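Just so it is clear, the model here is predicted, and its values are computed rather than measured. Positions are given from 1 along the sequence.
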Amino acid sequence: MVSPGALLAAIDGVGADRRRGGFSRHVFDDAERQLREWFVEQAEARGLQVTTDRNANIWAWWGEPGDDAVVTGSHLDSVPGGGAFDGPLGVVSALSAVDLLQERGFRPRRPLAVVVFAEEEGGRFGVPCLGSRLLAGTIDADRARALRDPSGVTFAEAMSSFGADPSRVGRDEEALRRIGQFVELHVEQGRGLIDLDRPIAVASSILAHGRWRFRFSGQGNHAGATLLSDRRDPMLPAAELVVAARRAAGAVADGRATVGRLVPTPGGTNVIASTVDVWLDARSPQDAGTRSMVADLTAAAQEFAAAEGCQVDVAEESYGDTVHFDPAFRDRLSALLDDAPALATGAGHDAGVLAAEVPTAMLFVRNPTGVSHAPEEHAEDDDCTEGAHALARVLEHLAG
């Protein structure tokens, strides 16, 4: 078996972000293309048959593709300046698990595949889990084609430059029919396993979460020549929203509200902005709590904007309701893995998107720092290897 740690080391230089630290790997950019090519090489070296579906997701099949398949995998893209494990650990662990099973002489009775989903983080086009959402038809194909990256390039244009046909994106009945069960391994994004002193867990649920863009519009002007009394500065209500988000989250049980991106236009140091875009990430265990936070913040943003003589427009860019993974499937895997604990997660995943269509489950590998979406994200080699062995046991159990 080639260990997950060795496979991660092989791609360590791809997409390294010198400015932010960590890695910036976004769908169809040079780094992500290199990782796609690397994955295809690795899959073919193991005798897997590789195809790319209409939504730019890569499938590596052990044997002939077919219905009722056992599927595992994750993603290779990252958030801007992300860690080395979020996404890639699930992919390399799947390859390591295939190594283990092949070394044992295992032959799956059911079709078995490793999948790499496109644009899971939404780091380029703003919608998380875009590849799995398109696969499942939970995002309109026309809307997806029209999504733009920060440079103004549409998803359709990026697909075309990659050599794919954007006219074919959308719900893929054939691919969905082939998935009998889906299991995603992922680095833990939190400290649950450290506190439990366990290396592996299974997922129980995903918080209801989404992204909203607040666009505050005022009057661009000169920073020195414009009196304070004459200003309509959209940066003020934008700043107030950032502070209000923390307060709103504190009023909801286990709520989380984050502003991680704020973009003023035109963005000059000595210029009063004409518009300020603020992206809000809001999450809570229940749909009602998340929706309540966003409603309260929308009302507050309107008040903040009016007080400064500005306007605000709010757009929902993505949303996912609370996901409860199939309890019977979860418990089956927990028992198989020495009564692995069940943990809820605040992070979204492709497995959560697919949960409405097919039986899905997740395995978590211990993260000693508890940090994710940052360069400090980490998992020890021994724990990664144990995760690969756990995944191999699951695949053998399901496909044997």
Give the intermediate values and the outcome of salt bridge (charged side-chain N to carboxylate O under 4.0 Å, His left out) for residues Glu174 and Arg178.
-> CA-CA 6 Å; Glu174 180 182 14; Arg178 285 178 170 174; 3.1 Å; yes

Derivation and outcome, side-chain contact (heavy atoms from CB on, under 4.5 Å), residues Trp279 and Arg211 | CA-CA 7 Å; Trp279 281 266; Arg211 300 180 185 183; 5.5 Å; no

Before giving the answer on side-chain contact (heavy atoms from CB on, under 4.5 Å), spell out for Leu185 and Thr72 the whole-Å C-alpha distance, their side-chain angles and the decisive distance to 0.1 Å.
-> CA-CA 8 Å; Leu185 180 145; Thr72 188; 5.5 Å; no

Tell me, with the steps shown, if Asn270 and His222 meet side-chain hydrogen bond (donor to acceptor under 3.5 Å, both in side chains).
-> CA-CA 7 Å; Asn270 60 345; His222 194 290; 5.2 Å; no

Would Thr275 and Ser217 satisfy side-chain hydrogen bond (donor to acceptor under 3.5 Å, both in side chains), going step by step from the backbone distance to the final call?
-> CA-CA 4 Å; Thr275 63; Ser217 301; 5.9 Å; no

What do the steps show when you test Glu120 against Ser74 for side-chain contact (heavy atoms from CB on, under 4.5 Å), and what is the final call?
-> CA-CA 8 Å; Glu120 193 272 352; Ser74 192; over 6 Å; no

Begin from the C-alpha positions of His373 and Asp86 and carry the test side-chain contact (heavy atoms from CB on, under 4.5 Å) through to its verdict.
-> CA-CA 7 Å; His373 281 190; Asp86 183 353; 2.9 Å; yes

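In this structure, Asp233 and Glu308 approach most closely via the heavy-atom pair N-OE2, 3.0 Å. Pairing each heavy atom of Ala141 with each of Leu134, the nearest pair is CA-CD2, 4.4 Å. The nearest pair of heavy atoms linking Leu343 to Ala201 is CD1-CB, 3.8 Å. When all heavy atoms of Leu100 and Ala392 are compared, the closest pair comes out as CD1-CB, 3.9 Å. Closest approach of Glu386 to Pro199, counting heavy atoms only: OE2-CG, 3.6 Å. Residues Ser318 and Val127 share a closest heavy-atom pair of CB-CG1, 4.3 Å.
Note on Glu396 versus Arg104: salt bridge recorded, some NZ/NE/NH1/NH2 to OD/OE distance being below 4.0 Å. Taking the charged nitrogens against the carboxylate oxygens, Asp313 and Arg215 have no contact shorter than 4.0 Å, which rules out a salt bridge. By the 4.0 Å N-to-carboxylate-O rule, Asp230 lies too far from Arg232 to be salt-bridged with it. We find that Asp140 and Arg143 are not joined by a salt bridge, their nearest charged nitrogen and carboxylate oxygen being 4.0 Å or further apart. The residues Arg46 and Asp99 are annotated as salt-bridged, a charged nitrogen and a carboxylate oxygen being separated by less than 4.0 angstrom. Classification of Arg393 and Asp338 as a salt-bridged pair holds, one side-chain N sitting under 4.0 Å from a carboxylate O. Between Arg36 and Glu32 there is a salt bridge, since at least one side-chain N of the basic residue sits less than 4.0 Å from a carboxylate O of the acidic one. Ion pair Glu188/Arg198 not flagged as a salt bridge, since none of the NZ, NE, NH1 or NH2 atoms sits closer than 4.0 Å to an Asp/Glu carboxylate oxygen.
Counting only heavy atoms from C-beta outward, the side chains of Glu316 and Val294 never approach each other to under 4.5 Å. At a threshold of 4.5 Å between non-hydrogen side-chain atoms, the residues Phe23 and Val14 do not count as touching. Side-chain contact check for Phe155 versus Leu130: some heavy-atom pair is nearer than 4.5 Å. Side-chain contact between Phe325 and Val202 is absent, with no heavy-atom pair separated by less than 4.5 Å. For the pair Cys384/Ser93, no side-chain contact is recorded, criterion being any heavy-atom separation below 4.5 Å from C-beta on. Put simply, the side chain of Val358 does not reach to within 4.5 Å of the side chain of Gln181, judged on heavy atoms. The side-chain heavy atoms of Asn55 and Phe117, taken from C-beta on, include no pair separated by under 4.5 Å. Leu95 has its side chain within reach of Phe39: a pair of non-hydrogen atoms, C-beta onward, lies under 4.5 Å apart.
Placement of Leu101 and Val92 within a single hydrophobic cluster is found when ILVMFWY residues are connected by side-chain heavy-atom separations under 4.5 Å, directly or transitively. In the hydrophobic cluster analysis, where Ile, Leu, Val, Met, Phe, Trp and Tyr join through side-chain heavy atoms closer than 4.5 angstrom, Leu398 is grouped together with Val114. Trp59 and Leu176 fall within the same hydrophobic cluster, defined by Ile, Leu, Val, Met, Phe, Trp and Tyr side-chain heavy atoms under 4.5 Å apart, directly or through other members. Side-chain heavy atoms closer than 4.5 Å link hydrophobic residues (I, L, V, M, F, W, Y) into clusters, and following such links, possibly through other members, connects Val98 to Val365. A single hydrophobic cluster is seen to contain both Trp212 and Val278, as judged by linkage of ILVMFWY side chains at heavy-atom distances under 4.5 Å, directly or through other members.
Taking CG from Leu76 and CD from Glu119, the interatomic distance works out to 12.5 Å, rounded to the nearest 0.5 Å. Atoms CG and OG1, from Leu280 and Thr258 in turn, are 7.5 Å apart once rounded to the nearest 0.5 Å. Rounding to the nearest 0.5 Å gives a distance of 9.0 Å between CZ of Arg256 and OG of Ser284. Here the straight-line distance linking atom SG of Cys129 with atom CG of Leu135 works out to 11.5 Å at 0.5 Å rounding. Expressed to the nearest 0.5 Å, how far CD of Glu317 lies from CD1 of Ile139 amounts to 10.0 Å. Here CD of Gln189 is found 6.5 Å from CD of Glu377. Values are rounded to the nearest 0.5 Å.
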Show the atom names and distances, to 0.1 Å, of all donor-acceptor pairs under 3.5 Å that link a side chain in residues 234-241 to residues at least two apart or in another chain.
none

Donor-acceptor contacts, no H, no angles, side chain residues 61-70, under 3.5 Å, sequence neighbours left out:
unit_1, atom_1, unit_2, atom_2, d
Asp67, OD1, Arg177, NE, 3.4
Asp67, OD2, Arg177, NE, 3.2
Asp68, OD1, Arg110, NH2, 3.2

Enumerate donor-acceptor pairs with a distance under 3.5 Å from any side-chain N or O in residues 344-351 to protein atoms, sequence neighbours excluded.
unit_1, atom_1, unit_2, atom_2, d
Thr345, OG1, Ala347, N, 3.1
Asp350, OD1, Ser132, OG, 2.6

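Side chain of Ser96 to backbone of Val2: a donor-acceptor contact under 3.5 angstrom is found. Looking only at distances, a side-chain donor or acceptor of Asp77 sits under 3.5 Å from a matching main-chain atom of Glu121. Although no hydrogens or angles enter the test, the distance criterion places no donor-acceptor pair under 3.5 Å between the side chain of Thr154 and the main chain of Leu147. Counting only distance, with no hydrogens or angles, the side chain of Thr290 and the backbone of Ala282 share no donor-acceptor pair below 3.5 Å. Asn367 places no side-chain N or O within 3.5 Å of a backbone atom of Val187 that could act as its donor or acceptor partner. Remark: side-chain polar atoms of Arg171 are paired, donor with acceptor, to backbone N or O of Ala136 under 3.5 angstrom. Panel note: side chain Arg109, backbone Ala399; no donor-acceptor pair is recorded below 3.5 Å. Judged purely by atom type and a 3.5 angstrom limit, Asp321 has no side-chain atom pairing as donor or acceptor with the backbone of Ala208.
A donor atom on one side chain and an acceptor atom on the other are not found under 3.5 Å apart for Thr51 and Asp53.
Crowding of Gln311 atom CD: a count of heavy atoms from other residues, nucleotides or ligands under 6.0 Å not exceeding 12. With a 6.0 Å radius and a threshold of 12 heavy atoms from other residues, nucleotides or ligands, Arg20 has its CZ atom above the threshold.
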